[in-house]
Each structure stands twice: as structure tokens, then as C-alpha cells.
Amino acid sequence: MLAAVGFILVVVMVAMVIWGKIALPPILIILPTIAVIILGLMGYLVPPKAEAPAPMDLIMCFKTLQGYLGTGLSSTLNTAALFTFAVVFFNVLGDAGMFDLIVSKAMRYIGNSVTMILLMTCVLCSIAHLDGSGATTWLITVPTMLPLFKKMRISPIVLLLYVALVSGVENMLPWTSALARVSASTGVDARELWTALLPTQIIGMVLLYASCFIVGPMLKKRGCGMTDEEFAEVKSGMFQNSDPVLKVGRGVLYFDMAFLVLLVVCLLMGWINTNVAFMIGLSIALVVNCKDAKEMTAQIKKHGANALNMVMIIFSIGMLVGVMKDSGMMNAMTDTLVGLMPESMGTHLTFIIALLSVPLSMAVGSDTLYMVMAPIFGNMAIAFGGTMMAGAAACVIGACVAVNLCLVAPTPYLALGLCGVEMKDNLKYCFLPTWALGIFLAVVAAITGAFPF
């Protein structure tokens, strides 16, 4: 019965996410609550301070749910803190104009070349996505680069594909919403997961940057490009309206750059906990870039709102995780799936999941893959001698790169609107390159030890 209710819960959650009429927090809170009430009244749950399952009344069901919630929230507190401080940190640097300075410096070295325009797209996207926000990435990258793409007579769908793939690979950073969600649902530390996927991420980024030197000449042969006069005009107007919110000197911006590099190095080397790093980092960024307490408070209020929605989702995941684990549903579902899987396939489970994670993410949505299916796959991996880390990594690879192909998320439609591309054309043009990249990254991850073949 526990397994049956668990599978029904997962199916209904996926259906409601696809339906799109209800926000994630109510789905993640109400459905697990209903599941607990049904199982409690039917006598399949263990009441508080009891040792065996027994029928409960409605009040006792809610007391049991309260215990589950405590377990779930304890596993998500660190993730919520990380996401909150990281989002505000990167947005403060953005308001100070640090990213604009980097991009303007890079623009000096761009010539009238299709290849260089593609490279600039990758650089700008990489910078814009440092805060892990897909919407911010699209809102910065597309309006900046689309005029150049149009002048170069390059199809906007090429811009769409590059931004989607670069931001997707970069989305494996430990402070992004992708790792925040999968960390909250599986209990795997986001920094440890990032460390396991770091070789894959680096190779993926190198591949995407290198592809510009192949795709650029191909587009040139198809008639893409512009005159030198047209290029100079577009280039000179790209940053005319750029006016940083925080008025700081050039020296402060260089300090911000050096500090960001130092912070990433410390995280990479494991010298400091991710949460502590961004709590300290945000504090220093506010002190250095803001002139007084009033301006600091304004920055926190302004960008804290961006993190609030994600924090609510993370805490809502805590409800789901607590119910699934403490009620026994997770173990029952895992045992059922393990029993149905041939023994010969079990050792290859995580690699198979990684290979299929792109189309799986498209079908059910990355949220469902991160929050519902990742812990199930992780427990299945454990049953066959693997680890929860391997199951989480297998889900992350495809879901990250396929985020803009997801039919049930809002961000892809924002991207399509900015680029002026229809979803059918997006799927037709981008699906095969995206899945090919997902398969390549899955092979790299297996070779580098994130999970076994």
C-alpha cells in the first residue's frame, strides 16, 4: 500500500506540474499531506511514540505529519541559506557594474567575425548565469546579442541554442537552483555533487566554446555576416544605456572581480563550506559596494525577493522529502522498482538514467526530475551497490542541459519570446544537439567517476 500511494503521489504531482494551473509550493505541500492522512487513517503509518503501524485519527495524522516535516526541513535548511545568500551576492555585483565592465572589456577584442560573435555569446552567457537564474541570463544575454545576430543574419535560434547549452552546463554550479533542488530532495551536499561533476562541467564548457570555431565558419558559408560599418555601429551602441545602480569606482570593481575568483577557488579546493562562503561573501560585497546601511538594506530587499520563491520551493520540498522518507513510501517504491529490474541491468542503472535524462526532463519537467524522481533513482542505485550521489548526478546532467526544451516550465517560454522563436522550431532545431551533448556529458561523467557505466 505504501508503494502504491507513493507512485500515485508521484504521478499526480507530475500531472499537476504539467497542467500548470497551480504553483509548486501548494503541490509539494498539499499532496503529501493528503497521502499522510490516507495512509494514517488506513493504519499504514507508525504513530508518534509507537513502534508499529496502527490506525490513527485525523489529529494524530497531523501530529505524525509534523514529525515528518521536521525531518524534511532539517535536510533543506542549508540549501535554502545557500541559495538566498548566493542570489543576493551575485546581484549586488551586477548592480555595481562588475559584469558590465567584464563584457565591455571583452567587446574590444571582438571583430567582424561570426565565430567571435558566437564566442562573445558564450562569454556573456557564462557571466550572466553566475547567479544561477535562468530568467536573468536570458534577459541579459538575448537583448544584448540579438541585434548583432540579426545584423550578422544569423538565425535567432542559434542564439537560443548556445545560451541554453552554455547556461545548462554552467547550471551544475553548487549555488544554482538545479543543485539546490536535487540537494534538498536527495540529501546530497551541493558542493560535493558539484565536485563530482566538475570535470564534466569543464569539458562541457570547453566543448561549447570550441564549437564556435566550427559553427562560425559553417554559418559564414551560408551567407551570415555584416559589413565593417554595420558592425562598428552595432558595437558602439550596445552599452550606451548601461548605468550601474550602485555608484562605485573602477578600483572597487576590480576588487569585486578578484574577490569572486578567490571565492570560487576556495569553494573548489574545499577550504570553506558553501553556505559560509556566500554568507561572508555577501557581507563583504555589501560593505564594499554600498555607501551606507540604507543602500545595503535596499539591495537586500530588492534582490531578496528574487530568492524568496526558490526558498519557498526548497522548504516545500522538505515537506515532500520528510513524508516520502519517514512514512516508508520511498523505501517501498524503491523495493518495488528494484524487484522489477533485471539484475544484469542494475549495475548500469545510473548510466542509463543519465543517457535518458534529457528526454525524461523534457517530458516530466526538471522540477519533477530533481525533486521527485532523483531520490527514487538514488535509492535504486544504493540497492544495486551504488550511491545516492550517483543517482543525483545522473539526473542533473541531462536536466541541466535540457532546461530550455522543457514543455512545463515558464523560463523556456520567456527565452522563446525574447528570441522570437516558436516552441516547435525550438524542439526541431535544438533537441538533437541537446541530447547529443547530454549523452557526451554522461559518458564523460562515467569516465571521470561521477557514476559507473
Side-chain angles (χ1 to χ4, degrees), residues 1-17 22 24-81 181-189 311-341 367-368 370-389 391-392:
M1 185 64 180
L2 287 172
V5 172
F7 284 121
I8 292 172
L9 175 60
V10 170
V11 171
V12 174
M13 286 182 63
V14 171
M16 294 190 74
V17 170
I22 302 177
L24 274 174
I27 294 174
L28 296 171
I29 293 172
I30 294 174
L31 293 182
T33 300
I34 293 173
V36 168
I37 292 174
I38 292 173
L39 291 171
L41 295 176
M42 295 179 67
Y44 286 96
L45 299 181
V46 179
K49 300 181 180 180
E51 297 181 356
M56 297 183 283
D57 58 25
L58 193 58
I59 294 177
M60 189 61 69
C61 287
F62 280 108
K63 289 185 178 180
T64 303
L65 178 65
Q66 182 177 332
Y68 297 166
L69 179 60
T71 299
L73 290 181
S74 65
S75 69
T76 59
L77 284 174
N78 286 338
T79 303
R181 297 182 190 206
V182 78
S183 174
S185 67
T186 62
V188 175
D189 181 74
V311 170
M312 290 184 66
I313 291 175
I314 291 172
F315 284 138
S316 301
I317 294 173
M319 168 74 86
L320 175 66
V321 170
V323 168
M324 295 287 281
K325 286 185 176 180
D326 286 5
S327 68
M329 279 192 286
M330 185 69 71
N331 289 335
M333 294 167 68
T334 302
D335 292 342
T336 301
L337 292 173
V338 169
L340 295 174
M341 180 169 290
D367 288 338
T368 301
Y370 292 142
M371 299 181 294
V372 180
M373 304 181 79
I376 296 175
F377 289 148
N379 279 290
M380 291 177 66
I382 292 172
F384 286 105
T387 63
M388 182 65 76
M389 172 81 76

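Along the sequence shown, the residues carry numbers beginning at 1.
Remark: N379 pairs with no residue by the side chain to side chain donor-acceptor pair (under 3.5 Å) rule, at least two apart or across chains. Residues that satisfy the side-chain contact (heavy atoms from CB on, under 4.5 Å) test with I22, not counting sequence neighbours, are M16, W19, P26, I27. S74 is linked by a side-chain contact (heavy atoms from CB on, under 4.5 Å) to nothing, counting only residues two or more places apart in sequence or in another chain. For the side-chain contact (heavy atoms from CB on, under 4.5 Å) test, residues two or more places apart in sequence or in another chain that qualify with M42 are M1, I38, Y44.
Residue I37 holds its CD1 atom at 10.0 Å from CE of M56, rounded to the nearest 0.5 Å. Going from atom CD1 of I8 over to atom CD1 of I34 covers 12.5 Å, rounded to the nearest 0.5 Å. A distance of 12.0 Å separates CG of L45 from CE of M60, quoted to the nearest 0.5 Å. Note that CG of L31 is 11.0 Å distant from CE of M319, once rounded to the nearest 0.5 Å. In this structure, CG on L337 lies 8.0 Å from CZ on F377, to the nearest 0.5 angstrom. Rounding to the nearest 0.5 Å gives a distance of 11.5 Å between CE of M373 and CE of M13.
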(message) Applying side chain to side chain contact (heavy atoms under 4.5 Å, CB included) to C61 and L41, what does each step give before you reach the verdict?
(response) CA-CA 7 Å; C61 287; L41 295 176; 4.2 Å; yes

(message) Test side chain to side chain contact (heavy atoms under 4.5 Å, CB included) on V372 and L9; report intermediate values, then the result.
(response) CA-CA 10 Å; V372 180; L9 175 60; over 6 Å; no

(request) May I have the step-by-step check of side chain to side chain contact (heavy atoms under 4.5 Å, CB included) for L77 and I314, ending in yes or no? (result) CA-CA 8 Å; L77 284 174; I314 291 172; over 6 Å; no

(request) Let me see the working for T76 and V321 under side chain to side chain contact (heavy atoms under 4.5 Å, CB included), right down to the final yes or no. (result) CA-CA 9 Å; T76 59; V321 170; 5.6 Å; no

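When all heavy atoms are compared, the tightest approach of V182 to A392 is CG2-CB, 4.0 Å. The shortest non-hydrogen separation linking P53 to G43 is CB-O, 3.5 Å. Closest heavy-atom contact between L2 and A332: CB-CB, 3.9 Å. The heavy-atom pair separating A35 from M329 by the smallest distance is CB-CE, 4.4 Å. Nearest approach of A381 to T387, heavy atoms of both residues: CB-O, 3.7 Å.
The list of side chain to side chain donor-acceptor pair (under 3.5 Å) pairs with a residue in residues 318-330, not counting sequence neighbours, reads T71-D326. Within the structure, side chain to side chain donor-acceptor pair (under 3.5 Å) contacts touching residues 54-68 (residues at least two apart or in different chains) do not occur.
With a 4.5 Å cut-off on side-chain heavy atoms, M330 and I376 count as touching. Using a 4.5 Å heavy-atom threshold, the side chains of V36 and F62 count as separate. For the pair L65 and L69, the minimum side-chain heavy-atom distance is 4.5 Å or more.
Here the side chain of T186 pairs no donor or acceptor atom with the backbone of P375 at under 3.5 angstrom.
For CE of M388, the number of neighbouring non-hydrogen atoms (other residues, nucleotides, ligands) closer than 6.0 Å is greater than 12. Enclosure of atom CD1 in I59 is not indicated, since only 12 or fewer non-hydrogen atoms of other residues, nucleotides or ligands lie within 6.0 angstrom.
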